[in-house]
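All values reported here derive from a predicted model rather than from experimental measurement. As the structure lists them, so they are numbered: ligands from 1, and atoms in each ligand from 1. Reckoned from all heavy atoms, side chains included, excluding hydrogens, waters and symmetry mates.
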Amino acid sequence: MTAASQASRAENSLGKIWFVGAGPGDPELITVKGQKLLAQAGAVLFAGSLVDRAATMWAPEGCTIRDSKDMTLEEMTAWLIEQAAKHATVVRLQTGDPGLYGALIEMARPLVDAGIEWAVVPGVSSAMASMAAAGESMTLPEVTQTVILTRVEGRTPMPEGEDLASLAAHRTTICIFLSITLLHKVETALRAAGWPEDAPMLVVHKASWPGEQKILRGTLADIKARCREAGVASQAMIVASPTLGALHWETLVRSKLYDPTFTHRFRKASA
Ligand code: SAH
């Protein structure tokens with residue numbers, strides 16, 4: 001038991017609820033802190049099919065493990081509160097990072113109302129894992145220094161000013177969550193923002209999953225056909241970025257940090 005969870009039990013005899021980022025799927029991509037919390041958890045509520053392996057791999061024997069896929073938000077918070085009355089450490093395990101499309105605040109508010117301590121352990125987001133899988137960089141000097149994490153409108157409406165066409169006008173790296181079945185909307189938006197037909201695009205299905213990960217490279221013109229051929233229609237990250245494929249470019253602007261002619265706090269210029 002950690003000092004933090006002991007303290008919370010001493011105060012009100014209720015356990016502490018930890019929202020832990022499980023990472024993108026590979027159970028080894030959870031943080032050390034997340035793994036330690038799972039190892040001492042009395043109960044774990046995990047979100048969907050992507051993170052069950054981390055739960056079963058790191059949780060102790062006798063731990064109550066429950067899948068939340070058939071539960072409403074109210075049922076989930078009720079379950080967590082019930083478990084906090086029995087255990088010092090209760091984990092809500094979520095894919096990637098809990099603060100991205102994770103209903104974090106909606107779940108935390110009833111806990112606050114119930115006087116239960118809670119905290120978040122960040123996780124490796126699937127956006128990061130997808131770029132890592134493809135060996136791509138989100139930023140490149142003088143190409144783009146900005147990353148947009150977004151989605152297209154499905155049942156959840158997009159707030160004003162956040163439609164993909166407006167965001168894409170910035171020509172930055174754009175990681176698009178929850179949108180693989182709406183790829184046609186992504187394409188329409190990128191075209192409306194003036195991205196050319198040969199703009200490189202990347203789709204990664206089940207990033208970091210050993211044996212199941214699929215990396216699809218294409219262009220605005222053909223990425224949809226690539227996905228269809230590969231049978232990718234779920235659990236996928238779409239990336240549009242002017243950095244894609246830079247490994248093979250003839251010319252590349254160097255990063256100033258490692259440039260031999262550039263002096264900074266830790267190194268004097270050598271030339
Ligand atoms: N909190 C999560 C995102 C949850 S929303 C995170 O930080 O990654 C669910 C969406 O995330 C999916 O529709 C998909 O777009 C993306 N996703 C989650 N896991 C993924 C993975 N292993 N590979 C590719 N995309 C993934």
Short N or O distance, [X] and ligand 1, threshold 3.5 Å exclusive:
| X | value |
| --- | --- |
| L100 | yes |
| S130 | no |
| A236 | yes |
| S126 | yes |
| P24 | yes |
| Y101 | no |

Just which atoms of ligand 1 are under 4.0 Å from any heavy atom in [X]?
| X | value |
| --- | --- |
| S125 | 6 (C), 7 (O), 8 (O) |
| T95 | 1 (N), 2 (C), 4 (C), 6 (C) |
| F177 | 3 (C), 6 (C), 8 (O), 11 (O), 15 (O) |
| K206 | 21 (C), 22 (N), 23 (N), 24 (C) |
| Q235 | 23 (N), 24 (C), 25 (N) |

Pair [X], [Y]: side-chain N/O donor-acceptor within cut-off below 3.5 Å:
| X | Y | answer |
| --- | --- | --- |
| T144 | T146 | no |
| T89 | Q40 | yes |
| R109 | T77 | no |

Nearest atoms (heavy-atom pairs only) where [X] meets [Y]:
| X | Y | result |
| --- | --- | --- |
| S68 | M76 | CB-SD, 3.7 Å |
| T173 | S241 | OG1-OG, 2.7 Å |
| L216 | A230 | CD2-CB, 3.7 Å |
| A85 | L14 | CA-CD2, 3.7 Å |

Open item on the list: Tell me whether S208 reaches ligand 1 (any heavy atom closer than 4.0 angstrom to a ligand atom).
Closed with: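 Under 4.0 Å: no for S208.
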
TODO: Decide, yes or no, whether a salt bridge links E136 with R217 under the criterion of side-chain N to carboxylate O below 4.0 Å.
DONE: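 A salt bridge is present here (some side-chain N lies under 4.0 Å from a carboxylate O).
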
Task: Of the listed options I176, D26, L29, V204, closest to atom 24 (C) of ligand 1 (non-hydrogen atoms) - done: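 The nearest heavy atom belongs to V204.
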
- [ ] Could you pull out, from V203, L149, T181, L178, the option with a heavy atom nearest to atom 9 (C) of ligand 1?
- [x]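 Nearest heavy atom to atom 9 (C) of ligand 1 lies in L178.
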
Open item on the list: Is there a path of hydrophobic side-chain contacts, each under 4.5 Å between heavy atoms, that joins I174 and L183?
Closed with: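 Yes: a chain of side-chain contacts under 4.5 Å links I174 to L183.
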
